[in-house]
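This report refers to the structure that appears directly beneath it.
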Amino acid sequence: MSGIDILGTGCYVPEYTLSNDELSTMVDTSDEWIYPRTGIKNRHISKTENTSELARIAAERAIADSGVSKEDIGFIIVATCSADHIMPSVSCMLQKLLDLPEHVMAFDMNAACTGFVYAMSIANAMLATRPDRLALVIGAEVFSKMLDYTDRSTCILFGDGAGAVVARHNPRGALQEAIFSRGDADASHIYIPGVPFAGRQEPPYCKMSGQDVFKFAVEAPIQSMKQILADLDCTIADMDYVLFHQANARIIASICKRLKIKDAQLYCNIEEYGNTSAASIPIMLDEMNRKGLLKKGHKLLLVGFGAGLTWGTLYMEW
Ligand code: UT7
């Protein structure tokens, strides 16, 4: 098995914080309803910055943390479902904004809230073909711009942010993934409208069947986690940290109870950021890195799940 080393991390969230109490002045809700059902107290909301701006700052921090030369970056992968434009991609914009060399392959990919797990899997494969180059892998979202703030079932959940890592191929490393999708062809679980057709344009708002997504989210990640553990011939107790996409604290608690994951194996920050979609896992990685929680050789599971439907678990060693 080969894998990747993460050489540096960075994240950025907008300054403005929207609390449950402030939300309850905008829509018929309350902290008493939101917090026990979701674990969310605040979310950071962009006022003027779009996804490329959040991603730029997170990426600059990751590059600075890694201490690498920009010339060595060969791939930029931005996991997002809230790109500034359909084209140019956020990653192409970043190539210019960060003054990266023209030899980079830059592209966005959309696997919704599983985006960072998919992107790391792609980066691992691409780095194996070009071990002399580095990958800049980013999850970045301004989900708040796609919410209907009169719909209390969705607007309470999401926030904005970006996280980034700089990764290098490690021939003696260990990275493995169990990744899945189950096409929600009628977009009945969670969706955001895309390309407008003449005479048929829906508002660009996220719509979701919360209970259906909840049922999916407490089951599907368990499948991918069990598969990874079986492939590695490990148990969950062998893992130092399990980083779940931060969608809902009750979803995480339900999975932890069933798989006997201990509190000490978890890192969560949903209370402060809400669900930042593809950005949630790299934001956690950066926070943990800056707090010194991640030690060389630590075994990590990154667990994503979201629209598509998509889900997956990625095993890596720090
Ligand atoms: O990355 C994946 C993204 N998506 C998710 O993670 C969503 C997963 N689903 C969930 O987290 C939960 O389904 C929600 C938090 C969205 C909703 O919780 P729930 O316990 O499934 O509530 P519900 O939809 O069954 O609604 C129960 C009641 C309803 O009122 P009635 O019909 O019983 O009178 C809703 O209208 O709660 C009401 N309600 C609210 N009340 C106050 C729904 N949202 C709110 C709200 N504030 N924000």
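For the single chain, residues carry numbers from 1 onward in sequence order. Order of appearance sets the numbers: ligands from 1, and atoms from 1 within every ligand. Side chains are part of it too, since the values below use all heavy atoms of this structure and drop only hydrogens, waters and symmetry mates.
- Looking only at protein heavy atoms, the nearest one to atom 5 (C) of ligand 1 is Val213 CG1, 3.7 Å.
- Of the protein's heavy atoms, at least one falls inside 4.0 Å of atom 7 (C) of ligand 1.
- Checking atom 25 (O) of ligand 1 against the protein gives a heavy-atom contact under 4.0 Å.
- Shown here is Asp233, whose CG atom has no more than 12 heavy atoms of other residues, nucleotides or ligands within 6.0 Å.
- Looking at Asp21 and Ser19, their side chains never bring a donor and an acceptor atom within 3.5 Å of each other.
- Near Asn248, meaning under 4.0 Å from one of its heavy atoms, ligand 1 places the atoms 10 (C), 11 (O).
- From Ile190, atom CD1 reaches atom CG of Leu309 across 9.0 Å, with rounding to the nearest 0.5 Å.
- Annotation: Ile34 places no N or O atom under 3.5 Å from an N or O atom of ligand 1; distance criterion only.
- Residues Phe244 and Tyr241 do not share a hydrophobic cluster, defined by chaining ILVMFWY side chains whose heavy atoms lie under 4.5 Å apart.
- Under the 4.0 Å distance rule, the nearest protein heavy atom to atom 20 (O) of ligand 1 falls inside the cut-off.
- Residue contacts with ligand 1, taken as heavy atom pairs separated by less than 4.0 Å, involve Ile156 solely via side-chain atoms from C-beta onward.
- Neither the backbone nor the side chain of Val27 has a heavy atom within less than 4.0 Å of ligand 1.
- Regarding atom 38 (C) of ligand 1, its nearest protein heavy-atom neighbour is Arg152 NH2, 3.6 Å.
- Ring-plane geometry between Phe180 and Trp311 is classed as parallel, the angle between the planes falling under 30 degrees on a 0 to 90 degree scale with a further cut at 60.
- The CD1 atom of Ile76 sits 4.5 Å away from atom CG of Leu100, with the distance rounded to the nearest 0.5 Å.
- Of all heavy-atom pairs between Cys11 and Arg290, the closest is SG-NH2, 3.7 Å.
- Of all atoms in ligand 1, listed by their number and element, those nearer than 4.0 Å to a heavy atom of Ala247 are 1 (O), 6 (O).
- Comparing heavy-atom distances from atom 18 (O) of ligand 1 across Phe143, Trp33, Phe214 singles out Trp33 as nearest.
- For the residue pair Asp5 and His169, no side-chain donor N or O sits within less than 3.5 Å of a side-chain acceptor on the partner.
- Taking a distance limit of 4.0 Å, we find that atom 34 (O) of ligand 1 is approached by no protein heavy atom.
- Close approach of ligand 1 to Gly210 (heavy-atom distance below 4.0 Å) involves ligand atoms 8 (C), 9 (N), 13 (O).
- Those atoms of ligand 1 with a heavy atom of His245 less than 4.0 angstrom away are 1 (O).
- The shortest separation from a heavy atom of Ser153 to ligand 1 is under 4.0 Å, placing the residue in contact.
- Considering only non-hydrogen protein atoms, atom 23 (P) of ligand 1 sits nearest to Gln211 NE2, 3.7 Å.
- Atom CE of residue Met26 and atom CD of residue Glu22 lie 6.5 Å apart, to the nearest 0.5 angstrom.
- Within 4.0 Å of atom 43 (C) of ligand 1, at least one protein heavy atom is present.
- Put simply, atom 10 (C) of ligand 1 has protein non-hydrogen atoms near it, under 4.0 Å away.
- Using a 3.5 Å distance cut-off with no hydrogens or angles, the side chains of Tyr273 and Gln246 do not pair a donor with an acceptor.
- At a threshold of 4.0 Å, the pair Arg56-Glu60 counts as salt-bridged, since one of the basic side-chain nitrogens sits closer than that to a carboxylate oxygen.
- Looking at ligand 1, you won't find any N or O of Thr38 less than 3.5 Å from one of its N or O atoms.
- Counting only heavy atoms of the protein, atom 4 (N) of ligand 1 lies nearest to Met208 SD, 3.4 Å.
- With a 4.0 Å heavy-atom cut-off, ligand 1 is reached by no atom of Thr154.
- Listed by number with element, the atoms of ligand 1 under 4.0 Å from a non-hydrogen atom of Cys113 are 1 (O).
- Looking only at protein heavy atoms, the nearest one to atom 47 (N) of ligand 1 is Thr29 OG1, 2.7 Å.
- Aromatic ring centres of Tyr16 and His44 lie farther apart than the 6.0 Å criterion allows.
- Where the criterion is an N or O separation shorter than 3.5 Å, residue side chain and backbone included, Ser30 fails it with respect to ligand 1.
- Side-chain N/O atoms of Thr17 and Asn42 include no donor and acceptor closer than 3.5 Å.
- Using a 4.0 Å cut-off between charged side-chain N and carboxylate O, Asp28 and Arg152 make a salt bridge.
- Set against the non-hydrogen atoms of Asn275, the atoms of ligand 1 under 4.0 Å away are 1 (O), 2 (C), 3 (C).
- Under the 4.5 Å side-chain contact rule for hydrophobic residues, Tyr267 and Ile6 share a cluster.
- Interface of Arg250 with ligand 1, defined as ligand atoms under 4.0 Å from a residue heavy atom, comprises 18 (O), 20 (O).
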